[in-house]
Student: 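Take this structure first; my questions come after.
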Amino acid sequence: MSNKKAIILAAGKSSKFYPPLYDKPKAKAVSVFLGVFFVTFGLLLIVNLNGLTLRGDSLASLSDSQEIFSLESNDKSKDGNDIYRYSVGSDLPDISLLAFAPHSLSVYHNGNLEYRWDATKQFASAISIPLGTLSAFDTITIEIDSGWDSRRLYVGLTSVVNGYISLFESVQVFIMGLLIAIGVYAVSLFAFKPKETYFLSFMVYDIFTVALVFVSSNLFLQFLSKNLASVMQMLDYNSTLLLILGFLQTVSSFRLLYISIPRPLSHLFSWYGIALCCLAFRFFFAGYSIEKEFFRILITSLGAIAVLWGVAKHKQGSYILLVGYAVVLAVQAILSIVDAGNVLQESLALTTIRSLRLSFVLFSITTMLFINYRFSNKFKEAERLAISRQELISTLDKKVDEQTAKIREQDRKRQAMMANIFHDLRSPLFVVKGLLESVAADQAFDARKLHIIKERVDYIADLSEDLLLSAKLEDGQVSIMCDVVDLNRLVCEVVESFSDSARKREVTLRTELHGATPELLIWGDELRLKQAIANVVINALNYSPLGEVVHVETYARGSIAGLSIEDNGIGIEPNELRNIFSRYYRASHTNSRNSSGLGLSIAADLIDLHRGTIKATSAVGEGTRFTIEIPLLEQAN
C-alpha cells in the first residue's frame, strides 16, 4: 500500500473515533455561555465601579449625603489587623457604621473603646454600629480582625443605614420564603414522580441554600447560643456551606441532564468525598485564600461543562441551565477579583449580592425553570399524543366505515352476480334436460340436438372454470410460473384459437404485430397470459355486430410491451366503464348468453400478477378499446 493511501485510511479511521473539535451545536453553546458571562461580568463591574468610596482621612463629606460610602483601610496594627482611621473634620449629624459578617471589630472614639463585636459570641450578616453626633475635632478608629475574608465596611447617616438594614432583612426573608416554596414544590413533584431521581439532589441543594441564607441573616441571632457560634466559627461554616453548594450544583446538573458522573469524579461527588473536601478546606485553607476560591470555581465549572455537553447533545431546556451557570460564574469571578487584592474596592451593591447569596438563589430559580420546562414539554407531548391518538382513532373509524361500505357493496355485487350466474346455469341446464327428454322420447338420434347439448355443457364447464379461478384469485391462491414469453407468438396463438368462433359470428379478427423486432419478449406465465388475453378477445367478439372487425395489435414503447384489442361494438356507458374490471360486476346491457361476466375481472387480476396494467376506453355506439401493457424482458429482470 502506498504512503498516500495509508495516510488517507488512517485519517478515515481516526475520524471515526475522534470526532472534530468544532461543530455547530458546541460552538453555539459556547458562544451563548461566553456572551452571558461577559455581559454579566461587565454589568457587575460597572455597578461596582459606580459605588461611592470615602477617599482621604476625613468624614466631612457625610454631612448632608443620603448615600452609603465604603471605607478604605489606611493602616495596619502590629497584629496585622486592618485599621480604618478617620478624622471628623466638621460637626456631623447622627452617623452609623455598616459592617457585613465581621469576625471581630473594634471601634475607638477619641482613643476610647466605643464598640466591640465578637462573632464567637454573637453573629449577624449585617450590623449597624451607631456613632452618634460627632464634633469637628473627633477621631474615629476602627480595627478589623485580619481573619475577616474581605474588607466590607461602610458608613452613612444613621437613618440611611437603618433603612438599608431594614430593606436587607426584608429581602432575606423574601428569599428564604422563595427558596422554601421552591423546595416544597420540588418535594410535591417528587412525591408524584418518584422516578425523577434528580429531584433528590435538587431538594438537598435547596435545603442547603436555605440554610446558608438563614444562618447569614440577622434572624439567626435569636437561635444562636454562644457555644453554637463558637462551633460554627471553628468549622468555618460559611466556606463549608459554599463548597457543599458548589458540589450539589454540579451533581444536580449531571442528574438533570441524565449524565452519569465519570468514574474518576464519582468518588469526589459522593457524600464522603464532599465531607473530605470540606475538612481539607477548613484545615488546609485557613481564612480566605486564592486556592480556596479557585477550587470553588473549578467545582462550579464542572457543572457548566456538563450543561455545555447537554446543549451540544440537544438536551431539552439546557440553555436555561447554561444561562444560570454563566451568571453564577460571572458573580464568582467578580467577587474573586475583588477579594484577591487591592485592585478593586468592593461597593455596597456587590456586597449585597454576596451577602444575600443571590448567585445560589439564581441557580435554584433557573433549575426550577428548567424542571418546569421539562414537565411542560412532557405535558405538551402527552397532549400531542392524545390529539394524534384521537386523530388516529377518527382515521381508523373512517377507514372501518369505508371498508364496511366497501364490503357491503361487494356483498351486494356478489349477490347480484351470483343471481345472474345461477340464472345462467339454470337456463342451459333446462335446455340440456329438455333435449335429453326429447331424444329419449323419440328414440331417434338427432345430431343437431346433440350439438346444442354439447354447446350448453361446454358453456357450463367454462362458467364453472371461471367461478373457480375467480374465487382463487380473490383468495390469493393463484401462483404464476414465469418464463420468457414472446408476446407476438402468444397473441397469434390466441387469435388462431378464436378463428372458428369469429367466423361463426361473422366477425373478422385482424392482427397487426409489432415489427421492429421478430420477437416481443416479456417475462410471465404463458398459460395465465393466454387466459387473460382470451377473455378480452372473447369480450370483443361477443359485443361486435355482424360483419365488423376486431383489431388486435401489439406494440413496444420504451420498456413496455403493449397489446390493444379494439372492437366497433355497442360500447360501454361512462358510469359503467370504471366498474367493468370489478369482481361481481356485470354491465346492465349484457345480453350475451355466452358471457359469464367474470372474464374481464379475471383478466385484470392475471395482468396485475404480471406487474402489468389493463385499461379500457369506450364510446357508446362506437366501440371499445382495451389496452394491456406489461414490462419488456429487460425491465422485468
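The basis for the numbers below is simple: all heavy atoms, side chains too, and nothing from hydrogens, waters or symmetry mates.
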Student: Could you give me the CA-CA distance, side-chain angles and deciding distance for Val485 and Leu521, then say whether side-chain contact (heavy atoms from CB on, under 4.5 Å) is met?
Tutor: CA-CA 6 Å; Val485 178; Leu521 301 180; over 6 Å; no
Student: To the nearest 0.5 Å, what is the distance between CD1 (Ile607) and CZ (Phe581)?
Tutor: 10.0 Å
Student: Counting only heavy atoms from other residues, nucleotides and ligands, does the tally under 6.0 Å from NZ of Lys615 exceed 12?
Tutor: no
Student: Decide yes or no for Tyr185 and Asn372: does some side-chain heavy atom of the first lie under 4.5 Å from some side-chain heavy atom of the second?
Tutor: yes
Student: Mind listing the closest non-hydrogen atom pair of Phe498 and Ala534 along with its distance?
Tutor: CE1-CB, 3.7 Å
Student: Can you establish whether the number of heavy atoms outside Glu493 located under 6.0 Å from its atom CD is more than 12?
Tutor: yes
Student: Would you say that Tyr319 contacts Tyr373 through its side chain, given a criterion of any heavy-atom pair below 4.5 Å between the two side chains?
Tutor: no
Student: Taking the side chain as everything from C-beta on, heavy atoms only, tell me whether Leu529 gets closer than 4.5 Å to Val494.
Tutor: no
Student: Is the closest side-chain heavy-atom distance between Leu563 and Val491 below 4.5 Å?
Tutor: yes
Student: Go through it in stages, so that I can follow the logic: the residues are Leu520 and Asp486, the test is side-chain contact (heavy atoms from CB on, under 4.5 Å), and I'd like the CA-CA distance, side-chain angles, deciding distance and then a yes or no.
Tutor: CA-CA 5 Å; Leu520 195 58; Asp486 180 8; 4.2 Å; yes
Student: Between Glu553 and Arg510, does any NZ, NE, NH1 or NH2 come within less than 4.0 Å of an OD or OE carboxylate oxygen?
Tutor: no
Student: Can you check whether Arg611 reaches Glu629 side chain to side chain, under 4.5 Å on heavy atoms?
Tutor: no
Student: Do Leu600 and Phe626 come close enough that some side-chain heavy atom pair is under 4.5 Å?
Tutor: yes
Student: Would you check if the side chain of Asp567 reaches a backbone N or O of Thr624 as a donor-acceptor pair within less than 3.5 Å?
Tutor: yes
Student: Scan side-chain atoms only and decide if Tyr543 and Glu548 contain a donor-acceptor pair under the 3.5 Å cut-off.
Tutor: no
Student: How far does CD1 of Ile628 sit from CD1 of Ile533, to the nearest 0.5 angstrom?
Tutor: 5.5 Å
Student: Within the side chain of Thr511, is there an N or O that forms a donor-acceptor pair under 3.5 Å with the backbone of Val552?
Tutor: no
Student: Please give me the minimum heavy-atom distance between Val550 and Ala540, naming the atom from each residue.
Tutor: CG1-CB, 3.9 Å
Student: Supply the atom-to-atom distance Leu385 CG to Gln390 CD, rounded to the nearest 0.5 angstrom.
Tutor: 13.0 Å
Student: From Thr367 OG1 over to Leu321 CG, what is the distance, rounded to the nearest 0.5 angstrom?
Tutor: 5.5 Å
Student: Are Thr554 and Asn488 close enough that a side-chain donor and a side-chain acceptor fall under 3.5 Å?
Tutor: yes
Student: Atom CG of Asp397 and atom CD of Glu402: how far apart are they, to the nearest 0.5 Å?
Tutor: 11.0 Å
Student: Taking all non-hydrogen atoms of both residues, which atom of His610 and which atom of Gly524 are closest, and how far apart?
Tutor: CD2-CA, 3.3 Å
Student: Is Thr627 close to Ile614 at the side-chain level, that is, under 4.5 Å between some pair of heavy atoms?
Tutor: no
Student: Write down the atom of Gly623, the atom of Ser618, and the distance for their closest heavy-atom approach.
Tutor: O-OG, 3.1 Å
Student: Report yes if the distance between the aromatic ring centroids of Phe37 and Tyr325 is under 6.0 Å, otherwise no.
Tutor: no
Student: Could you pull out the closest heavy-atom pair between Ser564 and Tyr555, with the gap in Å?
Tutor: N-CE2, 4.3 Å
Student: Salt-bridge test for Lys380 and Glu383: reply yes if a basic N is under 4.0 Å from a carboxylate O, no otherwise.
Tutor: no
Student: In plain terms, say whether Asp401 and Lys398 are close enough for a salt bridge, that is, a side-chain N and a carboxylate O under 4.0 Å apart.
Tutor: no
Student: Does Thr508 use its side chain to pair, donor to acceptor, with the backbone of Val549 at less than 3.5 Å?
Tutor: no
Student: Is Val328 close to Thr300 at the side-chain level, that is, under 4.5 Å between some pair of heavy atoms?
Tutor: yes
Student: Taking the basic N atoms (NZ, or NE/NH1/NH2) and the acidic carboxylate oxygens, is any pair closer than 4.0 Å for Glu391 and Arg384?
Tutor: no
Student: With rounding to the nearest 0.5 Å, note down the distance linking CD1 in Ile182 to CD1 in Ile371.
Tutor: 9.5 Å
